[in-house]
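Reviewing the structure listed below.
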Amino acid sequence: MKKRVFSGIQPSGNLHIGNFLGALKNWVASQDQFDNVFCIVDLHAITVPQDPKILRQKIREVAGIYFAAGIDPKKSIVFVQSAVSAHAELAWILNCFTPMGWLGRMTQFKEKSGSQKENVSAGLFDYPALMAADILLYDTDEVPVGEDQKQHVEFTRDIAGRFNSIYGETFKLPKPVIPHSGARVMDLIEPAKKMSKSDDRTGHTLNLLSSKDEIRSAIMGATTDSLKQIVFDPKRAGIYNLLEIYEGVTGLSRTEIELKFAGIGYGEFKKELAEKVVEFLEAFQSQYQELVKDPQHIDSLLADGANQALVLAEKKLSEVKSKVGLG
Ligand code: ATP
Ligand code: LTN
């Protein structure tokens, strides 16, 4: 029996090269090895305000991006979270076993709520319980995500362990799988900060659907430093980030890359990086454009995915409900 993989991306903002290198790339690469469930987590997206029209468009956009990146609906279940109500139901149940203190310690909540802790939604605070429900419904073994989601997967293990210790073995404990490179792609202009989907400032991110010119100008404008050598030194955040992106899109080793750019200036390196990213996105974007010509096809793939997910999710939910004494 193959191991089960579950992961998801929120249909909000603009998907960027960090989402690709930190998550999507690995989903595609190990697709044959696992039993995969990939979700478009719209219930997570509404933890912050969303325009309904845009949210609906973004759901299809993310589906198109999954398929264009190489997720094959014959090999992987792809569906929209809100189409399977077991996610919300299990989240509520897990909620009732989640200490407030655990949620309060989540770095993502602290970062996203900032100074607005009293005004953000209860959903944003409770975000990890919904993510735990997503993962636990499918007896997930591995969760391939970027570095920023590691804490949420650990939270999922903790809540699963707590439930199991009260009601007996119910949930499998999942493991986060974080890539060695590209797990935390940084903002191009402020390399101390992670590249973020919700950041729409020009030049800060490399979006998967950006034009060639946007890509070139963002890379040429990226922050580097006053040193000269092009080497993988994590202490030199700007250049390190660009090198990781180069590594991610070309597949070359770090030694090969350092050799290739020995004695070469930042300007030359950036030009070469921009061309590699453009080349890489060209193939991806033409697949995407082809797919979105037929939105009904995308919808029907998602409906098939939801039907498959539903069977698995309902089975686990009814086991949980019966253990808790519900229904
Ligand atoms: P937002 O900034 O709106 O919170 P996001 O860019 O973090 O969005 P998510 O939908 O939260 O995007 O994340 C989707 C996946 O991409 C997750 O697995 C996450 O860990 C990964 N990811 C997000 N940002 C990065 C990044 N900068 N580098 C690598 N992986 C990332
Ligand atoms: N919180 C994740 C998105 C997400 C997810 C999941 C990832 C929701 N449910 C389950 C993996 C498994 C994020 O990237 N912000």
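No hydrogens, no waters, no symmetry mates; every other heavy atom, side chains included, goes into these values. We count ligands from 1, going down the list as the structure has it; atoms in each ligand are counted the same way.
Annotation: atom 18 (O) of ligand 1 to nearest protein heavy atom, Gly146 N, 3.2 Å. Summary of contacts: the protein heavy atom closest to atom 11 (O) of ligand 1 is Gln10 NE2, 3.4 Å. Counting only heavy atoms of the protein, atom 7 (O) of ligand 1 lies nearest to Lys194 NZ, 2.6 Å. Looking from atom 13 (O) of ligand 1 to the surrounding protein, the closest heavy atom is Asn19 ND2, 3.7 Å. What sits closest to atom 1 (N) of ligand 2 on the protein, heavy atoms only, is Tyr127 OH, 2.6 Å. The shortest contact between atom 3 (C) of ligand 2 and any protein heavy atom is with Gly8 O, 3.6 Å.
Heavy atoms of Asp148 come nearer than 4.0 angstrom to ligand 1 in at least one pair. Judged by the shortest distance from any of its heavy atoms, His44 lies outside the 4.0 Å radius around the atoms of ligand 1. Look at Gly13 and you'll find every heavy atom at least 4.0 Å from all atoms of ligand 1.
The proximity of Ser196 to ligand 1, defined as any non-hydrogen pair under 4.0 Å, involves the side chain as well as the backbone. Residue contacts with ligand 1 for Gln108 are absent, since no atom lies close enough (heavy atoms, distance under 4.0 Å). Contacts with ligand 1 closer than 4.0 Å are made by no heavy atom of Met186, backbone or side chain.
With a 6.0 Å radius and a threshold of 12 heavy atoms from other residues, nucleotides or ligands, Lys53 has its NZ atom at or below the threshold.
Considering backbone and side-chain atoms alike, Gly18 places an N or O below 3.5 Å from some N or O of ligand 1. Looking at Met195 next to ligand 1, an N or O pair under 3.5 Å apart turns up.
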